Engineer: 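This is the structure I have questions about; it appears just below.
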Amino acid sequence: MLLKDEIISLGKHDVARKDFLKFCTATAAILGLPSSFSEVIAKEVTKAAKRPPVIWMHFAECTGDTESFIRATNPNITDVVLDIVSVDYHETIMAPSGDAAHKSLEDSIHNNKGKYIVIAEGAVPTKDNGIYLTIGNKTGLELATEVCKDAFAVLCVGTCSSFGGVQAQAPNPTGAKGVMEATGLPPEKFVHLPGCPHNVKNSIATIVHFLLFNKLPALDKDRRPLFAYGETIHDHCPRRNHFEKGEFVEQFGDEGDRNRWCLYKMGCKGPETFHNCSKVLWNDGTNWPIGAGHGCNGCSEKNFWDTMTPFYERLPDRTPIGAVTANKIAVAVGTATAVGIAAHAAISAKKGRLGKGDNEDKKEDV
Ligand code: SF4
């Protein structure tokens, strides 16, 4: 039983002050803000009047991002959903169904024009006028356009709503696309939070950023927040020292695997994948794929199903370093050091591309 001063009120619910402050400190860290901002976050989040209305839309997907969201703790889903934001429509967790559900959606759009946030999950089929996804009497394409056009912001959670995901993998029979591309709406209101699924800490941090600054965070050229996608997995990987020393897992179960060496030769795409997985981890900081012994699949990169496969082979020969590629250099020199040099060059090439010509995009702040 907690004492009165150990509890903080979040609108309809009380949460342990200690857990709530922990959440605020962690969110400040994810956003790259000084720890002193945790108090500001606490103040803003507890202001009931600032709860932004949220409409959560499901399109062609596996509901993995909702799963990710409802597994959030500290604060738990009840606190997040009902107190930090006002979820007016969410097909998975809402009470109304059928006509009543459609009315909730229409009312929410009508009453909050220009003020509500859409959280979109799943790709939108566009071929044959979008008939491959129908919800009620409307296609997913019609619904996406209708709901997103008057939104203040659209947060595309997961790789499918951001870039099309597995539905858009070649030959893409339904013409699946990310929500922004499918609707053709102005990109300014879109934020992409890819990942398979996305990390709920990043979507909550994006919403907190909105509560704090009344605008969306700075984005990269693929409209991903820089606080979460500004650096590669490889930049902060705990196995990085083994990469530098040329110590690689050659096959699962070998000595390198048992010693938690680098997974580059097992196909790890960490050097070309921009995401903060190694810093925020998953399942409340329990672990993450590389921590569990599996290489990064590159799931937060555009078209990763086409460009990052086969998953268990080295980095694909798609990053040019002059006339050669990362793999060719590694094979030609045939030493672990060369693997390191080649991958570093690949990263530099990618960073150079992002950091030079596209620098203005990367620094975009909407
Ligand atoms: S290649 Fe993968 S496992 Fe190796 S250091 Fe980089 S991110 Fe970590």
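Atoms within a ligand are numbered from 1 in the order they appear, just like the ligands themselves. Fair warning: this is a prediction, and the values are worked out from it, not measured in the lab.
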Engineer: Would you please indicate if the ring centroids of Phe163 and Trp305 are separated by under 6.0 Å?
Structural biologist: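 Aromatic pair excluded; centres sit 6.0 Å or further apart.
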Engineer: More than 12 heavy atoms of other residues, nucleotides or ligands under 6.0 Å from CG of Asp128: is that the case?
Structural biologist: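 Atom CG in Asp128 is crowded, with more than 12 foreign heavy atoms closer than 6.0 Å.
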Engineer: Are Asp235 and Thr232 close enough that a side-chain donor and a side-chain acceptor fall under 3.5 Å?
Structural biologist: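 Yes, a side-chain donor-acceptor pair sits under 3.5 Å.
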Engineer: Examine the side chains of Glu91 and Trp56 and answer whether a donor and an acceptor come within less than 3.5 Å of each other.
Structural biologist: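 Checked: Glu91/Trp56 side chains show no N/O donor-acceptor pair below 3.5 Å.
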Engineer: Taking 2.8 Å as the limit, list every protein N, O or S atom around atom 6 (Fe) of ligand 1, by chain and residue number.
Structural biologist: His234 ND1
Engineer: Apply salt bridge (Lys or Arg N to Asp or Glu O under 4.0 Å) to Lys149 and list each qualifying residue two or more places apart in sequence or on a separate chain.
Structural biologist: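 Listed in chain order: nothing, the list is empty.
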Engineer: If you take the centroid of each ring, where Trp contributes its six-membered ring, are Phe274 and His234 closer together than 6.0 Å?
Structural biologist: no
